[in-house]
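Beneath this line is the structure, given in structure tokens, with notes to follow.
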Amino acid sequence: MVQGLTIAHEQGLTPLEIECDSTEAIDHGIRVRCLIPDKLLRKNVGISSKLIRLYACSGHTQKAHELFDKMPKRNVSAFPWNSIISGYAEKGLFEDALAMYFQMVEEGVEPDCYTFPRALKACGGVGLIHVGEEVHRHVIRHGFGSNGFILNALVDMYAKCGDIVKAQKLFDQIGTKDLVSWNSMLTGYMRHELITKALNLFRLMIRDGIEPDSVSISALLVAKLPFSIGKQIHGCVLRRGTNQELSIVNSLVDFYADRKKLKQVRWLFEHMHEQDIVSWNSVISAHAKHPDEALSYFEKMVKSGAQPDGITFVSLLSACAHLGRLEDGERLFRIMKERYDISPKMEHYGCMVNLYGRLGLIDKAFDFVMKRMEFEGGPTVWGALLYACYRHGNVKIGEVAAQHLFKLEPDNEHNFELLMKIYRNAGLIEDVERIKLMIVERGLDTSIPPYRSR
């Protein structure tokens, strides 16, 4: 460590001035911080600022904020504020990012061109357009209204907050549009399902000599495009030689999987130069109704050394539930926890309840919910159990599942209807009428006719 500090000093570098996308560099930086006396940190604004940036961009936002609170003369520069705002925004803590931004405004710190894109990202994250409009007014007030970097962020913010017309107007104001500009508008159109506008924009983008990247291609492929148009985009990918970019091939796999084109899915997957966890999850998910193939791909995944995640097991358990593969489902659920140390989430429990329910093992499904779940069941779990009770005519457990759902989803008519069907099939006409009355009292669908015995 001492030798490293000496070399850095001889080169005129500070170990804190390192790239934040390097895990090794982050670790070195944090170790260097241990060598810096707190007294020096309280005196040196520059070192404090760089440490805050280091912590924030590596995801240690709490440590960054603690250091920020102790920082002397923190209002001299926007740099430490930008670091905290960015750190929160990157972690999806958008409200915290905005709180920091407005605290910055309140304390009279002069924002720079790096402040606003981070704040606007947070606005888009919370989806509050009135907050975004206020930040936009600050942009104009500080003279950054024509900054291309900030205009791109404004386009993205308005699109995420629901004002696609304002996003389009700002996009048109950008003098020299770069790839980020086009992608911001393209993803905005797709978010609002304006597919025709998105396709026209994509053509204009190519005509203007902008080379589409994985963001551009993926934005189109994840939409509900007609199959013929998706094939044209695939052809465009092939012509431009981007057919080996991992994220693009993953998007193509998803596109064909959504349309049940398993032959194309398998061909694309087998011809990939490399596969990541997204690739494996996509091909396994595509075979959710074909458990043998899904399990086969899982075995290949394990042999390749790839590490499965929670999404992998949702797809596998769903495949087992689809065709009632009890032993496989129980084995996968067990190794998910024991071998891969993955804590089951609601979706995993829902798959298991669905598996037991399809096989008519209602008591086992109920015990699984009541005794094996580590948290309260949600609509996914209780909904699967209620449907199983309807399929197999279990009134007692069906009532329990329905009562939980009535509390979790008080406005979901489907739950009431399923319980009514369970009662009706069991000949419990008075209970049918009682549920019908509940529906009317809650102001839900009153079009369900009362049951009349014959």
Side-chain angles (χ1 to χ4, degrees), residues 52 56-57 59 61-62 64-65 68-69 74-75 77-175 177-178 180-198 201 215 219 222-223 409-411:
I52 288 168
C57 71
T61 49
Q62 186 175 350
H65 207 143
F68 176 82
D69 287 338
R74 67 187 189 188
N75 293 351
S77 165
F79 183 86
W81 294 87
N82 292 347
S83 298
I84 299 284
I85 294 168
S86 178
Y88 279 132
E90 289 302 318
K91 287 188 73 173
L93 301 172
F94 301 119
E95 292 180 356
D96 291 321
L98 286 172
M100 284 300 300
Y101 170 75
F102 284 109
Q103 183 183 344
M104 179 182 181
V105 172
E106 185 69 24
E107 295 192 17
V109 181
E110 188 72 16
D112 58 25
C113 62
Y114 301 105
T115 308
F116 292 114
R118 292 164 167 80
L120 289 166
K121 178 177 181 176
C123 293
V126 296
L128 297 176
I129 194 165
H130 64 280
V131 179
E133 288 172 335
E134 184 173 355
V135 176
H136 190 179
R137 287 191 289 272
H138 295 176
V139 168
I140 302 300
R141 192 179 305 147
H142 286 87
F144 291 109
S146 60
N147 182 289
F149 190 39
I150 295 173
L151 281 171
N152 287 341
L154 282 165
V155 170
D156 185 64
M157 181 276 292
Y158 278 111
K160 287 178 178 175
C161 290
D163 194 340
I164 195 67
V165 174
K166 189 66 175 287
Q168 175 69 65
K169 287 180 180 178
L170 287 162
F171 175 76
D172 292 340
Q173 290 176 22
I174 300 174
K177 298 177 178 64
D178 59 13
V180 176
S181 313
W182 290 96
N183 283 346
S184 296
M185 197 66 235
L186 188 65
T187 54
Y189 279 143
M190 297 312 299
R191 191 176 291 115
H192 290 265
E193 298 183 356
L194 299 171
I195 295 174
T196 302
K197 283 184 174 291
L201 190 75
V215 175
V222 297
E409 300 179 319
D411 298 326

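In what follows, residues are counted from 1 in the order of the sequence shown. Every value quoted in this text rests on a predicted model; they were computed, and no experiment measured them. What's counted below: heavy atoms across the whole structure, side chains too, no hydrogens, waters or symmetry copies.
- Centroid-to-centroid, the aromatic rings of Tyr101 and Trp81 stay 6.0 Å apart or farther.
- Two rings, from Tyr158 and His136, have their centers less than 6.0 Å apart.
- Within the 4.5 Å cutoff, the side chain of Pro111 has heavy atoms near those of the His142 side chain.
- Expressed to the nearest 0.5 Å, how far OG1 of Thr187 lies from CG of Leu201 amounts to 10.0 Å.
- Ala89 and Arg118 make their closest contact through CB-O, 4.3 Å (heavy atoms, listed as atom of the first residue, atom of the second, distance).
- Residues Phe94 and Tyr88 keep their aromatic ring centres 6.0 Å or farther apart.
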Stepwise side chain to side chain contact (heavy atoms under 4.5 Å, CB included) check, Asn152 with Asp178:
CA-CA 9 Å; Asn152 287 341; Asp178 59 13; 3.3 Å; yes
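- Closest heavy-atom contact between Ala159 and Gly188: CB-CA, 3.6 Å.
- Distance NZ/Lys177 to CD/Gln173: 10.0 Å, rounded to 0.5 Å.
- Checked against side-chain hydrogen bond (donor to acceptor under 3.5 Å, both in side chains), Glu107 has the following partners two or more places apart in sequence or in another chain: Arg74, Asn75, Gln103.
- If you check the side chains of Thr115 and Asn82, you find a donor sitting under 3.5 Å from an acceptor.
- The CE atom of Met157 sits 12.0 Å away from atom OG of Ser184, with the distance rounded to the nearest 0.5 Å.
- Between Met190 and Val222, the closest side-chain pair of non-hydrogen atoms is not below 4.5 Å.
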Please report the C-alpha distance between Asp163 and Val165 in whole Å, then the side-chain angles of each, then the deciding distance to 0.1 Å, and finally whether the side chain to side chain contact (heavy atoms under 4.5 Å, CB included) criterion is met.
CA-CA 5 Å; Asp163 194 340; Val165 174; 3.8 Å; yes
If you apply the rule side chain to side chain contact (heavy atoms under 4.5 Å, CB included), what do you find for His65 with Met100, and how did you get there?
CA-CA 10 Å; His65 207 143; Met100 284 300 300; 3.4 Å; yes
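- Scanning all heavy atoms of the two residues, the minimum distance from Ser77 to Val109 falls at O-CG1, 4.0 Å.
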Show the numbers, then the answer: is there a side chain to side chain contact (heavy atoms under 4.5 Å, CB included) between Leu128 and Cys123?
CA-CA 6 Å; Leu128 297 176; Cys123 293; over 6 Å; no
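- Cys113 and Asn147 make their closest contact through CB-ND2, 3.9 Å (heavy atoms, listed as atom of the first residue, atom of the second, distance).
- Expressed to the nearest 0.5 Å, how far CE of Met185 lies from CG of Asp172 amounts to 8.0 Å.
- For the atom pair CZ (Arg191) and SG (Cys161), the distance works out to 9.5 Å, reported to the nearest 0.5 Å.
- Within a 6.0 Å sphere centred on CZ of Phe149, other residues, nucleotides and ligands contribute 12 heavy atoms or fewer.
- Each of Val155, Asp156, Val131, Ile150 was checked for a side chain to side chain contact (heavy atoms under 4.5 Å, CB included) with Leu120, and the lone residue meeting it is Ile150.
- Between Asp112 and Ala78, the shortest heavy-atom contact is OD2-CB, 3.7 Å.
- The environment of OH in Tyr114 is sparse: at most 12 heavy-atom neighbours from other residues, nucleotides or ligands sit within 6.0 Å.
- Lys121 pairs by the salt bridge (charged side-chain N to carboxylate O under 4.0 Å, His left out) definition with Glu90, not counting sequence neighbours.
- Applying the salt bridge (charged side-chain N to carboxylate O under 4.0 Å, His left out) definition to pairs two or more places apart or across chains, none involves residues 128-139.
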